[in-house]
Protein chains: 4
Amino acid sequence: MLFRIDASNGLPIYDQISRQMKFAIAHGALRSGELVPSVRELAQRVAVNPNTVARAYRDLQIDGVLEPLRGEGLRVTAHAVDVCQRERLSLLKERLRGAISECRLSGLDTPQIRELVDAVLQDTAVNGTS
Amino acid sequence: MLFRIDASNGLPIYDQISRQMKFAIAHGALRSGELVPSVRELAQRVAVNPNTVARAYRDLQIDGVLEPLRGEGLRVTAHAVDVCQRERLSLLKERLRGAISECRLSGLDTPQIRELVDAVLQDTAVNGTS
Amino acid sequence: MLFRIDASNGLPIYDQISRQMKFAIAHGALRSGELVPSVRELAQRVAVNPNTVARAYRDLQIDGVLEPLRGEGLRVTAHAVDVCQRERLSLLKERLRGAISECRLSGLDTPQIRELVDAVLQDTAVNGTS
Amino acid sequence: MLFRIDASNGLPIYDQISRQMKFAIAHGALRSGELVPSVRELAQRVAVNPNTVARAYRDLQIDGVLEPLRGEGLRVTAHAVDVCQRERLSLLKERLRGAISECRLSGLDTPQIRELVDAVLQDTAVNGTS
DNA sequence: GTGGTCTAGACCACC
DNA sequence: GTGGTCTAGACCACG
């Protein structure tokens, strides 16, 4: 599983981690029942503070995506896939909506916004993360 | 000039103010040489603390968009239009880029993203601001 | 009499006016008994708000440099020359002291400061005002 | 690192703080990569409101001298030394230029100004800060 | 713990 | 009247 933390993302790191983990589950890269990396290991891998990973994992437990397995770590829950697939689009839409509503507020009309989106899509086409 | 402050925007209020003022200038709603509303007046209009407006105005001075007219107030600079028009798209693109790059990261391909954008565009078509 | 108002001087306009008037008197360009320009006229000449000139004149009256001549305007007092010549150096020294003390604070030693002063003296040698 | 705030400096406190920090960096007293004192600590040390220190630090971020280390504090950037050394002389020269141009305006010639500077240099030689 | 945001209110400088 | 500075203190986000 690959995590890409982007400091200029606008989202806090713990959100980036939890969201990407949800995306991975929705996408099938991480299956129900599997153990996720330990806090320490993931923290080292993405080079962030363990507290940050812990917070992401805590949020994922609250969302019912992860559950503790006594003494072994955290496991993807049985219904995590449903949750994550359902949430995936809404998370993304919500964020898009914020950006697009500001476009409208700045006076752009729908075709202009679509044009701008296409420009960004091209910019991010090849190496599409940052 | 209309200001819409959205507490759940993600952006701090002073940023919303300065960005919207840039958009208004880029759009021609506010012209070079005009005085902007006084700190106190705008603060009252958008129902925020004068300090918050003052910070937005200060940021706009740093960006060269406003200039002080001693004892009279703040004036839109001569080259503000250039600055704002140049910045408008980049500010919006930067925000779109964050959202779109996360879409890619979540496994969506370009057509899927475009589809999602269209859905959001429809959602925000009529009462599109917040 | 020539006035040069420099917005980037650091000093408020009314101070620039009153100080330059003192310098003019110290220098003999303006003599005891002479009437100074009216508030309106000087305001127009240097393109500032009449209130600003009025404030400068008020300060000069407080300092005993100008005195009102009923119905005619303001006149340079008899002892103005003494006052202005005495003040001239101290006003200039006080200002230099502020700049030089910051140089020391920044870690420059005396020869380095002298070198810096020489550089500024060269820069301002030809057209020496701004 | 030593900070000397002088209320009668003419410069606002936050400027005095940011300028002295730049001088400290230019001088090597503060190195790239080091964490600067926390807002709260410095505020207490120089006995000003934390907001005032925060503003100085924010200005230093805008100038690219400091960068945030999320949750840890503010760090001197890698290129801060370049920036600060380049700025140091220009900041000081700018202030000297204002004082010296006024000397010229008052009718002093170059040797007279140099003489006046020497007088000030002597006055400020021993306990030279305020 | 860190910095950032925001509010409330006082005071000053300038015009 | 204008903007600018500073203080005091609350709250939040982040690690």
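In the text below, chain A, chain B and the rest are named by the order of the sequence lines, each starting its count at 1.
- When all heavy atoms of D:Pro50 and D:Ala43 are compared, the pair lying nearest together is CA-CB, 3.6 Å.
- Per the geometry, CZ belonging to B:Arg58 stands 19 Å off P belonging to F:dT2, to the nearest Å.
- If you measure from atom CD of B:Glu67 to atom P of F:dG4, you get 13 Å, rounded to the nearest angstrom.
- Distance CG (B:Leu74) to P (F:dG1): 17 Å, rounded to an integer number of Å.
- The residue B:Gln61 sits close only to the backbone: its heavy atoms come under 4.0 Å of sugar-phosphate atoms, none of a base.
- When all heavy atoms of C:Arg88 and C:Ala26 are compared, the pair lying nearest together is CD-CB, 4.0 Å.
- One atom, CD of D:Gln16, and another, C1' of F:dG4, lie 15 Å apart when rounded to the nearest Å.
- Stem analysis of DNA chain F (Watson-Crick or G-U pairs, both distances under 3.5 Å, runs of at least three) returns E:1-14 with F:1-14.
- Using a 4.0 Å heavy-atom cutoff across all strands shown, B:Glu41 reaches no nucleic acid atom at all.
- What separates CG of D:Asp59 from P of E:dG4 is a distance of 11 Å, to the nearest Å.
- Under the side-chain hydrogen bond (donor to acceptor under 3.5 Å, both in side chains) rule, B:Glu102 has a single partner from A:Gln20, A:Arg4, A:Arg19, which is A:Arg19.
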Original post:
What string of B, S and - do you get for nucleotides 6-15 of chain E, 5' to 3', when a contact is any protein heavy atom under 4.0 Å?
Top reply: BBBB----BS
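- Remark: D:Arg45 CZ is packed, more than 12 non-hydrogen atoms of other residues, nucleotides or ligands lying under 6.0 Å away.
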**OP:** Determine, stepwise, if the pair B:Ile100 / A:Leu96 fulfils side chain to side chain contact (heavy atoms under 4.5 Å, CB included).
**Re:** CA-CA 7 Å; B:Ile100 286 176; A:Leu96 277 172; 4.1 Å; yes
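- Between the A:Thr77 side chain and the A:Glu67 main chain, no donor and acceptor come within less than 3.5 Å of each other.
- Atom-to-atom, CD1 of A:Ile17 to P of F:dA13 comes out at 18 Å; the value is rounded to the nearest Å.
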Please table the atom pairs, donor to acceptor, closer than 3.5 Å between any side-chain atom in residues 52-60 of chain B and protein atoms at least two apart or in another chain.
from    : atom 1 : to      : atom 2 : distance (Å)
B:Arg55 : NH2    : B:Tyr14 : OH     : 3.1
B:Tyr57 : OH     : B:Pro37 : O      : 2.8

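- The two atoms that bring B:Gln61 and B:Pro68 nearest to each other are OE1-CD, 3.7 Å, heavy atoms only.
- The interatomic distance linking A:Tyr57 (OH) with F:dG15 (C1') rounds to 16 Å, in whole Å.
- The nearest whole Å value for the distance from the CG atom in D:Leu35 to the C1' atom in E:dG1 is 12 Å.
- For CD of C:Glu41, the number of neighbouring non-hydrogen atoms (other residues, nucleotides, ligands) closer than 6.0 Å is greater than 12.
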